[in-house]
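Atom set for the values below is all heavy atoms of this structure, side chains included, hydrogens, waters and symmetry mates excluded. Keep in mind it's a predicted model, so treat the numbers as computed, not measured.
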Amino acid sequence: MVIRFTRAGFAHLAFALVLVCFSALVSRPARAGSDGEGAADLLLKVWPGVRDSREQVIEMEPEAPAAFANEEEQRVRTVVMPVQVSWLGSRVLYLEEFLHDDPTNMRRQVLLTLSPDAKDPRRVRAALYTFREPEKWRQLGFSPARAAMLRQSDLEHAPGCDLLFVREGEQFRGSTVGRSCRSGSGEARLHVEYRVVIGEDVYWYRRRLIRDGDDALVQEVMGYNWFQPYDARLFTCRVDWSATGKPADLHRLARVDLHDQGGRARFTAPDGRQFELTLHSEDWAFAAERDALILVLSDPSLPHPVASAWAGLEARQIGIDLGWMQVRCGPLAPETDELAF
């Protein structure tokens, strides 16, 4: 592992060593539990870890704040750790976000409390709290003693920036609700739309600044898993299922995201069977000089895949059609968050 220093060396080194140790333990999120596990408890397991993301500016007007997008592309670290703050509940997470070569300069530093939605067991509400004195609570996840000292007066709740998550298989798709999450840039006429997808093998987010008066897009930034040295693409897959086995009765079962460098996503069918989708690029078996995009559908309890499909490396769509199950995958279009077909 190579650590690049750009500012104060010793402060960075001390934090980097701690981060490396923590990363070795939790950089890969815990494998999700059974489909019957509560969504809030499952998200509490899946979210923690060290996320290494490539962040790109998709859209930028001259008036856009530059705090989150000084360059066309940046590498970002997001550290999420569970903390014990009893008066906030039993599901509390601490999140820090910083540029990978500047861990002492925080971009985001928040506490999140997770609670199940009373109306839909697949949904989780994440309340977001900021710190009145952020520097005082840096690296809070490493200090249970300091977490025990935290009081309500140390925090500010930002209800407009709370996230609503929906469980899709073993991934979670979250977003702000409404228009009351402000940009924090001092521009009262801008609000934030934030979306994030969290899973065992995928993590991406999109932050959009919208002008209140005319709903114009002022800034759009997207971050997704860093796969060095590959130039990975992010795909969204829609899974449709037929309880009768007839194609005419297909209905939406899940929507999952995965990258094309071996990305994986699991989901459970209504009959209780578990399935796993894998997407990757490999050489064609019959033409070594050509590359292919390969989609594999597996049942982890079986020794061989259920089905597979291949397409050209630059294909805009790849899918599997079994009659009783249909999978359609396409590259995610950052500006719309919709499938590219």
Side-chain angles (χ1 to χ4, degrees), residues 19 22-54 76-82 91 93-97 112 114 116 121-124 126 141 163-175 195-206 222-228 230 232-239 253-269 272-281 294-302 305-306 327 329 331-332 337:
L19 182 60
F22 174 67
S23 176
L25 294 173
V26 299
S27 59
R28 187 174 184 86
R31 177 167 290 278
S34 67
D35 196 58
E37 186 171 10
D41 292 325
L42 183 56
L43 182 55
L44 187 67
K45 291 182 179 180
V46 172
W47 199 341
V50 179
R51 311 284 182 167
D52 192 2
S53 302
R54 173 184 297 174
V76 178
R77 289 286 179 93
T78 305
V79 180
V80 181
M81 301 179 68
R91 306 181 192 91
L93 296 172
Y94 171 71
L95 182 150
E96 292 183 347
E97 182 181 279
L112 299 128
L114 308 181
R122 298 184 308 124
R123 300 200 303 186
V124 181
L163 298 172
L164 178 63
F165 284 92
V166 177
R167 180 179 176 181
E168 296 273 8
E170 294 184 356
Q171 295 179 358
F172 289 85
R173 190 177 302 273
S175 65
R195 295 192 178 189
V196 60
V197 174
I198 301 168
E200 180 186 353
D201 201 47
V202 68
Y203 176 76
W204 73 263
Y205 57 88
R206 188 188 71 185
M222 185 172 181
Y224 50 94
N225 299 60
W226 179 280
F227 302 103
Q228 193 175 18
Y230 303 108
R233 286 191 297 169
L234 183 64
F235 281 69
T236 289
C237 298
R238 172 170 173 162
V239 181
L253 174 61
R255 177 184 172 183
V256 295
D257 291 359
L258 60 164
H259 60 85
D260 65 351
Q261 299 295 334
R264 299 175 182 272
R266 287 194 175 192
F267 60 92
T268 302
R273 283 188 292 171
Q274 284 198 334
F275 293 94
E276 182 176 81
L277 282 173
T278 307
L279 183 67
H280 51 95
S281 303
I294 301 175
L295 179 67
V296 180
L297 175 68
S298 303
D299 179 338
S301 67
L302 300 178
V306 175
V327 181
C329 303
L332 189 69
D337 190 29

Problem - Presence of salt bridge, E200 and R264, under 4.0 angstrom - result: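 Result for this pair is no, no salt bridge flagged.
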
Please report the closest heavy-atom contact between [X] and [Y], naming both atoms and the distance.
{"X": "V296", "Y": "P305", "value": "CG1-CB, 3.7 Å"}
{"X": "P48", "Y": "L43", "value": "CD-O, 4.1 Å"}
{"X": "P331", "Y": "F235", "value": "N-CD2, 3.5 Å"}
{"X": "V197", "Y": "R173", "value": "CG2-NH1, 3.6 Å"}
{"X": "L253", "Y": "A269", "value": "CD2-CA, 4.1 Å"}
{"X": "L277", "Y": "C237", "value": "CD1-CB, 4.2 Å"}

Any heavy-atom pair between the side chains of [Y] and [X] that's under 4.5 Å?
{"X": "E168", "Y": "D257", "result": "no"}
{"X": "V202", "Y": "L234", "result": "yes"}
{"X": "R195", "Y": "S175", "result": "yes"}

Exercise for the section: Rounded to the nearest 0.5 Å, what's the gap from CZ on R51 to OH on Y205? Could you check? Expected result: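 One finds 12.0 Å between CZ of R51 and OH of Y205.
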
Exercise for the section: Report the relative orientation of the aromatic rings in F267 and F275; use parallel for angles under 30°, tilted for 30 to 60°, perpendicular for over 60°. Expected result: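 Taking F275 first and then F267, their aromatic rings lie parallel (interplane angle under 30°).
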
Exercise for the section: Would you check if the side chain of E170 reaches a backbone N or O of R266 as a donor-acceptor pair within less than 3.5 Å? Expected result: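 Judged by distance alone, no pair lies under 3.5 Å.
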
Exercise for the section: Starting from the C-alpha separation in whole Å, work towards a yes-or-no answer on side chain to side chain contact (heavy atoms under 4.5 Å, CB included) for C329 and L279. Expected result: CA-CA 10 Å; C329 303; L279 183 67; 5.5 Å; no

